[in-house]
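Reminder, nothing fancy here: chain letters follow the sequence lines and each chain counts from 1. Note that the structure is predicted; figures quoted are calculated from it, not measured.
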Number of protein chains: 2
Amino acid sequence: MIGYRVKMLREEKKMSISELSTKSGVAKSYISSLERNLQTNPTILVLEKFASILCITVDALLYEQVDHSMDDEWKEIMKDIIGSGISKEEMREFIEDRK
Amino acid sequence: MIGYRVKMLREEKKMSISELSTKSGVAKSYISSLERNLQTNPTILVLEKFASILCITVDALLYEQVDHSMDDEWKEIMKDIIGSGISKEEMREFIEDRK
DNA sequence: GCATTTTAACTCGGTAACCTATCATTTACA
DNA sequence: TGTAAATGATAGGTTACCGAGTTAAAATGC
């Protein structure tokens with residue numbers, strides 16, 4: 001989902017929605033709704049503006065594997081999960097339940 | 001310009017606008033206006049539909065160098081030249097003479 | 001502690017533009 | 001010339017995108 005990707009890549013660059021908005025020229029209300037997947041079908045112009053400010057290609061913005069989605073906070077949480085003794089099966093069930 | 005690229009890539013695949021339209025699910029009137037650069041800012045959904053039918057990536061659709069100088073007609077002519085037995089040297093001389 | 005300011009993100013209504021459906025025109029070819 | 005396929009023009013529905021205002025929380029000052 002494009003919104004999630006924008007959010008991840010933006011946070012990776014430590015930008016707020018407002019900052020990305022002023023720099024890219026895309027309304028922050030729109031960025032917000034994109035990131036929450038209320039809007040899911042941006043035009044290339046918007047994508048190119050994002051890509052330019054985030055210093056990546058449109059292709060990377062759209063499809064490139066974002067293993068960065070596992071940021072430092074998530075890594076900490078993962079450690080805690082593993083340390084707590086929760087099994088992979090339990091986690092998968094939890095994820096299924098939350099879908 | 002995206003419209004020109006769509007046109008080139010479509011013709012490269014020997015598809016009519018109508019065929020691309022029915023296969024991709026994008027209205028042919030819209031494809032037509034895109035190719036004539038009346039519309040210039042499609043959404044990713046449209047781009048992805050095109051890319052899928054044209055068997056290329058969205059990135060290629062947007063940016064990859066299109067060899068428009070050598071269109072289908074020129075390719076046919078090239079084949080005829082080669083098939084006719086004319087040597088490369090002869091062709092170069094011919095070009096020089098015409099300059 | 002509380003009030004004020006600042007920063008970040010969300011809500012909502014409006015508008016411009018993307019995209020579709022329909023009809024008209026051109027082209028191709030028998 | 002007639003017919004079908006391909007392309008082009010137009011109008012309208014739908015939605016991408018914007019701007020102003022609101023809320024929430026953090027930062028700063030007293």
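- Under 4.0 angstrom from either OP1 or OP2 of C:dT11 there lies no side-chain N or O belonging to A:Ser29.
- A single hydrophobic cluster is seen to contain both A:Phe50 and A:Tyr63, as judged by linkage of ILVMFWY side chains at heavy-atom distances under 4.5 Å, directly or through other members.
- Note on B:Ser16: only backbone sugar-phosphate atoms sit closer than 4.0 angstrom, heavy atoms only; bases stay farther off.
- With rounding to whole Å, B:Leu47 atom CG is found 12 Å from C:dC18 atom P.
- A distance of 10.5 Å separates OG in B:Ser21 from CD1 in B:Ile53, rounded to the nearest 0.5 Å.
- Between A:Arg10 and A:Glu35, at least one side-chain N (NZ, or NE/NH1/NH2) sits under 4.0 Å from a carboxylate O, which counts as a salt bridge.
- For the pair A:Gln39 CD and C:dC12 P, the interatomic distance rounds to 14 Å; values are reported in whole Å.
- Here B:Thr43 contributes atom OG1 and B:Glu48 contributes atom CD; the two are 8.5 Å apart, rounded to the nearest 0.5 Å.
- Here the shortest heavy-atom pairing between B:Ser24 and B:Leu20 reads OG-O, 2.6 Å.
- Nearest approach of B:Leu45 to A:Asn41, heavy atoms of both residues: N-OD1, 3.1 Å.
- Relative to the axis of its first five pairs, the axis of the last five pairs of the helix from C:dG1-D:dC30 to C:dA30-D:dT1 sits at 30°, rounded to 10 degrees.
- The two residues B:Ile44 and A:Leu62 come nearest to each other via the heavy atoms CG2-CD2, 3.8 Å.
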Problem - Intermediate values then yes/no, salt bridge (charged side-chain N to carboxylate O under 4.0 Å, His left out), B:Arg5 and B:Glu64 - result: CA-CA 9 Å; B:Arg5 302 181 60 84; B:Glu64 209 163 86; over 6 Å; no
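- Whole-Å rounding puts the A:Asn41 CG to C:dA17 P distance at 17 Å.
- Protein atom CG of B:Leu38 is 13 Å distant from nucleotide atom C1' of C:dC18, rounded to whole Å.
- Contact between the side-chain N/O atoms of A:Arg36 and the OP1/OP2 oxygens of C:dT11 is found at a separation under 4.0 Å.
- The residue among B:Thr40 and A:Glu19 whose nearest nucleotide of DNA chain C is located toward the 5' end is A:Glu19.
- Listed nucleotides: C:dA9, C:dC19, D:dG8. Nearest to the side chain of B:Tyr30: C:dC19.
- Under the side-chain contact (heavy atoms from CB on, under 4.5 Å) rule, B:Met15 has a single partner from B:Glu12, B:Glu11, B:Glu19, which is B:Glu19.
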Exercise for the section: Indicate for each nucleotide in nucleotides 24-30 of chain C, in 5' to 3' sequence, whether protein heavy atoms under 4.0 Å reach the base (B), only the sugar-phosphate (S), or nothing (-). Expected result: -------
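- The two residues B:Leu34 and B:Thr40 have their closest heavy-atom pair at CD2-N, 4.3 Å.
- Here D:dT7 presents its P atom at 8 Å from CD of B:Glu11, a figure rounded to the nearest Å.
- The nearest whole Å value for the distance from the CD1 atom in A:Ile44 to the P atom in D:dA16 is 15 Å.
- Distance, A:Lys7 NZ to C:dA8 C1': 11 Å, rounded to whole Å.
- The side chain of A:Arg10 lies closest to C:dA9, out of C:dC19, C:dA9, D:dT7.
- In this structure, B:Lys28 atom NZ and D:dA4 atom C1' are separated by 11 Å, rounded to whole Å.
- Using a 4.0 Å heavy-atom criterion, one finds that A:Thr43 contacts the sugar-phosphate atoms exclusively.
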